[in-house]
Amino acid sequence: MRPGIIAATAGEARILAKVPIPAGELIHLPEGSMVLLSGMGANRARSAARTLLEKGATVLVSWGFAGGLIPGISTGSLIIPECIVAPDQSIYHVDPVWHERLCSRLETYVGLHRGTLAESALVLADSTEKTAFFQRTGAMAVDMESASIALAAKEAGVPFMVIRAIMDGVEMVIPRSVLNSFDKFGRVQPARLFSSLVRRPAELMALVRLCRNFQIARATLTTVVRQAGSNMLCP
């Protein structure tokens, strides 16, 4: 099997490749895996999945960070969901044998949660939005790409997996200065960030907390690579 791994942001992709990955450039990892930096959102993720399949991927992985939707799903928690809820309420299931293999390997090293993850078309920036989304979907975590990758896998008839570390729990507020200062690949635009913070200086501490959370979530995914390899124990 040859995994094709989709990472929406540059920070997520770099955990796998160890070096910066140019957008749209296919990177070959040890053990035969391929990783592609897609950019955030459903359409970009779906396009990246199809590209990986065309290049020979035989399984697909949605990789990176997620938001927590319920108490107890805190920063650094690892989410390997059993199913994914799409915005249209379609439900996709990951490969059960592969899922059990990954969970069995990783559960002694990180705080691991199974269950449901849902895809959102928008960033959920505060606890009100996250709680409302949980009430609609019943999911414990949220991202913006996994259901679209799942659909591509289903259409191609290949196994699929989601591996996500929580960066912002349900109580975490993502400051507007951050939302306005990143490009579609999750890269900071310094001038834009500085301008936003000048207008909203009270958001500086929230930005510091978010940076700390990034490091915690990054450490979780680094542990995944160390224990599962770059092929993610694929079948």
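Predicted, not measured: the structure shown is a model, and the values here were computed from it.
The shortest distance between side-chain heavy atoms of K130 and E171 does not fall below 4.5 Å. With contacts defined as side-chain heavy-atom distances shorter than 4.5 Å, the pair F160/D95 does not qualify. In this structure the side chain of R14 reaches within 4.5 angstrom of the side chain of P20, judged on heavy atoms. Taking the side chain as every heavy atom from C-beta outward, W98 and M232 approach each other to under 4.5 Å. Residues E82 and H93 form no side-chain contact, since every pair of their non-hydrogen atoms from C-beta on lies 4.5 Å or further apart. At a threshold of 4.5 Å between non-hydrogen side-chain atoms, the residues L69 and V170 do not count as touching. Between M167 and M172 the shortest side-chain heavy-atom distance does not fall below 4.5 Å. Between E54 and L52 the shortest side-chain heavy-atom distance does not fall below 4.5 Å.
Under a hydrophobic-cluster definition in which Ile, Leu, Val, Met, Phe, Trp and Tyr are linked whenever side-chain heavy atoms come within less than 4.5 Å, directly or via other members, V61 and M40 are assigned to different clusters. Cluster membership for F133 and I79, using ILVMFWY side-chain heavy atoms within less than 4.5 angstrom, is shared. Hydrophobic clustering places L102 together with I73 (ILVMFWY residues linked when any side-chain heavy atoms are closer than 4.5 Å, directly or through intermediates). Residue M161 is grouped with residue V110 when hydrophobic side chains (ILVMFWY) are merged at heavy-atom distances under 4.5 angstrom, including chains of intermediate members. Clustering ILVMFWY residues whenever any of their side-chain heavy atoms sit less than 4.5 angstrom apart, transitively, puts I5 in the very cluster that holds M1.
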I would like to know whether V224 and W63 meet side chain to side chain contact (heavy atoms under 4.5 Å, CB included); could you show each step before the answer? CA-CA 11 Å; V224 171; W63 168 268; 3.9 Å; yes
Kindly indicate, with the supporting measurements, whether the criterion side chain to side chain donor-acceptor pair (under 3.5 Å) is fulfilled by R164 and S62. CA-CA 8 Å; R164 296 272 177 166; S62 175; 2.8 Å; yes
Does the pair T75 and D168 meet the rule for a side chain to side chain contact (heavy atoms under 4.5 Å, CB included), with working shown? CA-CA 6 Å; T75 301; D168 55 300; 6.0 Å; no
Would you check, one step at a time, whether the test side chain to side chain contact (heavy atoms under 4.5 Å, CB included) holds for V59 with R2? CA-CA 6 Å; V59 302; R2 192 177 192 192; over 6 Å; no
Starting from the C-alpha separation in whole Å, work towards a yes-or-no answer on side chain to side chain contact (heavy atoms under 4.5 Å, CB included) for D143 and L117. CA-CA 8 Å; D143 68 21; L117 176 143; 3.6 Å; yes
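Under the 3.5 Å distance criterion, the side-chain polar atoms of E145 are matched with a main-chain donor or acceptor of G41. Between the side chain of T116 and the backbone N or O of I84, no donor-acceptor pair lies under 3.5 Å. Under the 3.5 Å distance criterion, the side-chain polar atoms of T131 are matched with a main-chain donor or acceptor of S127. When atom types are taken as modelled, the side chain of S47 and the backbone of R44 share no donor-acceptor pair closer than 3.5 angstrom. Looking only at distances, a side-chain donor or acceptor of H99 sits under 3.5 Å from a matching main-chain atom of I80. Side-chain N or O atoms of N231 include none that pairs as donor or acceptor with a backbone N or O of C234 at under 3.5 Å. At distances below 3.5 Å, not a single donor-acceptor pair connects side-chain atoms of K55 with backbone N or O atoms of G4. Listed for the E25 side chain is no donor-acceptor partner under 3.5 Å among the backbone atoms of L36. Under the 3.5 Å distance criterion, the side-chain polar atoms of T220 are matched with a main-chain donor or acceptor of G76. Between the side chain of S230 and the main chain of P30, a donor-acceptor pair closer than 3.5 Å is present.
Looking at every heavy atom in both residues, V162 comes nearest to V94 through N-CG1, 4.2 Å. Of all non-hydrogen atoms in A141 and I166, the two that sit nearest each other are CB-CD1, 3.9 Å. In terms of heavy-atom proximity, L78 sits nearest to L221 at CD1-CD2, 4.3 Å. Shown here for L37 and F185, the closest heavy-atom pair between the two residues is CG-CD2, 3.8 Å. When all heavy atoms of I174 and L210 are compared, the closest pair comes out as CG2-CD2, 4.3 Å. Contact detail for L53 and A152: the closest heavy-atom pair is CD1-O, 4.0 Å.
Here salt bridge (Lys or Arg N to Asp or Glu O under 4.0 Å) pairs that include residues 96-114, with residues two or more places apart or in two chains, are E100-R114, E107-R114.
Counting only N and O atoms by type, the side chains of S148 and E119 include a donor and acceptor under 3.5 Å apart. Under 3.5 Å, the side chains of T9 and E12 contain a donor-acceptor pair of N or O atoms.
Distance NZ/K18 to CG/L29: 9.5 Å, rounded to 0.5 Å. To the nearest 0.5 angstrom, I149 atom CD1 is 6.5 Å from S38 atom OG. Between S146 atom OG and L151 atom CG the span is 12.5 Å, to the nearest 0.5 Å. Distance CD1/I216 to OG/S74: 9.0 Å, rounded to 0.5 Å.
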